[in-house]
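Working notes, structure below.
Basis for what follows: all heavy atoms, side chains included, without hydrogens, waters or symmetry-related copies.
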Amino acid sequence: MADLLIRGATVVDGTGAPGHVADVTVTGGRIAEIGTDLSGRRIIDAAGLVLAPGFVDMHSHSDLRLLVEPDHLAKVGQGVTCEVLGQDGLSYAPVDDTTLGQLRQLIAGWNGDPAGFDWDWRSVGEYLDRLDRGIAVNACYLVPQGNVRALAVGWDNRPASEAELGRQRELVAAGLREGAVGMSSGLTYVPGMYADDAELVELCRVVASLGGFYAPHQRSYGAGALEAYAQMVEVSRRSGCALHLAHATLNFGVNAGRAAELLELLDQAIAAGGDITFDTYPYLAGSTTLSALLPSWAAEGGPAATLTRLGDPAVCDRIRYAMEVEGSDGCHGVPVEWETIEISGARDAAAVGRTIAELAAGSGRPAFETYIARLLADDLGTTILQHVGHEDNVQAIMRHPAHTGGSDGLLAAAKPHPRAWGTFPRYLARYVRELGILTLEECVAHLTGRPARRLKLTERGLVRPGYHADLVLFDPAGVRDTATFDEPRQQPEGIPYVFVGGTAVIAEGVHTGALPGRSLRRRPQGDTR
């Protein structure tokens, strides 16, 4: 007899096919049968509920929070059973003692930097081993190109030497051989942004040779965004590497209504043989660190050098001109609009929830001086929301058949972006049930089967006999995100059960304490070692 019977659910299997009512049994962590009048030791009456594959978060920043808070209610409560870490070219492996300290400071706003935490890994494989001690959801990992450049080149804004490029190739190959599924870049973040396209092509050739994909946060999502997308498509073409575009948005006033141009560019590349997918989140605001808005030259040399520059009035005058007049590369080539930049995490709790413009007005200081003071006070650890998106672009892009879902959620801030807790139910509630932008079956495919194919996950991402029982049960009429910008840490409604490998992590809407998740490592294609 099966371990578990899910009786009478509407099965939406992740392929996009119409849902159908059926019984589903689970045995030994895998789906055993799909049919009628089945039996099992434990029975869940799922009449009126949808049974779908667990959602795959294709763009996650849970790299450290998963270890600090392994129950991970923010994601598993949404029905997420797998997330992809190592995003935007910056994470915690591979590292050495020096770069680990630098990266901990640089991305503390993304994940925090908890006192007394045991940093007992340095390589990608060792980091994945640490995840395997027990987490709520499964995790895949991308080799962060910024880490690789920091290890091989340092934090200088210059081309890599041949020897340094060779070292970067070795590091990327090692990461994929140890289980990574591809490589990410953060091309508006230091030090990865200092790599030119030729350097990226060389690294992507290594990724392609081992069967991985390239996931870039590209050089601009503002002025020049379409050109930046075209650059990434060209890197993919030249290297022969599959491409997955991170948070494929078109933001800022210069890009209002331009989604059709982006989709035409991608359709042409796909028609020419390109292997291209992308992810988005269903919100208008973005989120990053306040320091990311600096021009790249101001961040050269790493966090300590950056803080030194911010204490020099003459250098700050240059930074101000770059940001307010020219439009810095860190701010996507758009002159900064202080009223759109809201503090989401800072040492001063009174600053949280207020824009730079509001803080400046309250202090009687210019906005730029307020900005610099905030960076210095937080040692660059301030996190922000940027209210720069366009609803028509969001809706048009999510309809595309190459689209997948990704939260891009930062979990450590005082008031994080609600996408960290609400992305997947928001797709189902707002964009399926309320607006009809996607059908239920289409949406589930975008969030499950399609990302599983991109990740080359074996026997995952579909409701099918023999597949791993990573499953979510939800109420199609009642599922909804409750996380808001004012109250972002809110578990969604209408998701009573979530299973990871057949183990219930959410049961009757409550976390069970189970930690069945592990790293999902893939043996590299073509690796003969």
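Counting heavy atoms from C-beta outward, Pro53 and Val463 have side chains that approach closer than 4.5 Å. For the pair Leu66 and Val137, the minimum side-chain heavy-atom distance is below 4.5 Å. Side-chain contact between Val394 and Thr280: absent, with no pair of heavy atoms (C-beta onward) separated by less than 4.5 Å. Taking the side chain as every heavy atom from C-beta outward, Leu200 and Leu187 approach each other to under 4.5 Å. Taking 4.5 Å as the limit, every side-chain heavy atom of Val84 sits out of range of all side-chain heavy atoms of Asp279.
Side-chain contact check for His417 and Asp408: no donor-acceptor pair (N or O, by modelled atom type) lies under 3.5 Å. At a cut-off of 3.5 Å, with distance as the only test, a side-chain donor of Tyr189 or Thr288 sits close to an acceptor on the other residue. A donor atom on one side chain and an acceptor atom on the other are not found under 3.5 Å apart for His511 and Gln491. Of the N and O atoms on the side chains of Thr277 and His244, at least one donor lies less than 3.5 Å from an acceptor on the other residue. Checking Thr482 against Gln490 by side-chain atom types alone, no donor-acceptor pair falls below 3.5 Å.
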Decide salt bridge (charged side-chain N to carboxylate O under 4.0 Å, His left out) for Asp481 and Arg419; before the verdict, give the C-alpha distance in whole Å, the side-chain angles of both, and the deciding distance to 0.1 Å. CA-CA 9 Å; Asp481 54 306; Arg419 66 193 184 191; over 6 Å; no
**Report entry** Verdict with supporting geometry, His217 and Thr188, side-chain hydrogen bond (donor to acceptor under 3.5 Å, both in side chains)
**Finding:** CA-CA 7 Å; His217 164 126; Thr188 64; 2.7 Å; yes
Tell me, with the steps shown, if Asp129 and Arg521 meet salt bridge (charged side-chain N to carboxylate O under 4.0 Å, His left out). CA-CA 10 Å; Asp129 289 343; Arg521 312 187 200 202; 2.6 Å; yes
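Checking side-chain atoms of Arg65 against main-chain N and O of Trp110 turns up no donor-acceptor pair under 3.5 Å. Checked by atom type and distance alone, the side chain of Thr512 pairs as donor or acceptor with a backbone atom of Ala504 at under 3.5 Å. Arg489 places a side-chain N or O within 3.5 Å of a backbone atom of Leu411 that can act as its donor or acceptor partner. Between the Gln78 side chain and the Ile495 main chain, no donor and acceptor come within less than 3.5 Å of each other. Thr423 places no side-chain N or O within donor-acceptor distance of the main-chain N or O of Tyr281, the cut-off being under 3.5 Å. Between the side chain of Thr382 and the backbone N or O of Ala346, no donor-acceptor pair lies under 3.5 Å. When atom types are taken as modelled, the side chain of Asp63 and the backbone of Gly86 share a donor-acceptor pair closer than 3.5 angstrom.
Sorted by first and then second residue, the ring pair (Phe, Tyr, Trp, His ring centres under 6.0 Å) pairs with a member in residues 437-456 read His403-His446; sequence neighbours excluded.
Between Arg347 and Asp379 there is a salt bridge, since a side-chain N of the basic residue sits under 4.0 Å from a carboxylate O of the acidic one. Salt-bridge formation is not detected for the pair Lys415/Glu342: no Lys NZ or Arg NE/NH1/NH2 atom is positioned less than 4.0 Å from an Asp or Glu carboxylate oxygen. Asp3 has a carboxylate O that lies under 4.0 Å from a charged side-chain N of Arg41, or vice versa, which qualifies the two as a salt bridge.
Aromatic ring centres of Trp121 and Tyr141: separated by at least 6.0 Å. The aromatic ring centres of His247 and Phe278 sit 6.0 Å or more apart.
The structure places CG of Leu51 at 9.5 Å from NE2 of His20, a figure rounded to the nearest 0.5 Å.
Partners of Asp96 by side chain to side chain donor-acceptor pair (under 3.5 Å), not counting sequence neighbours, listed by chain and number: Thr99.
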Taking distance alone, no hydrogens or angles, what donor-acceptor pairs closer than 3.5 Å link side-chain atoms of residues 100-108 to residues at least two apart or in another chain?
| residue | atom | partner | partner atom | Å |
| --- | --- | --- | --- | --- |
| Gln102 | OE1 | Trp155 | NE1 | 2.7 |
| Arg104 | NE | Asp113 | OD1 | 2.9 |
| Arg104 | NH2 | Asp113 | OD1 | 3.0 |

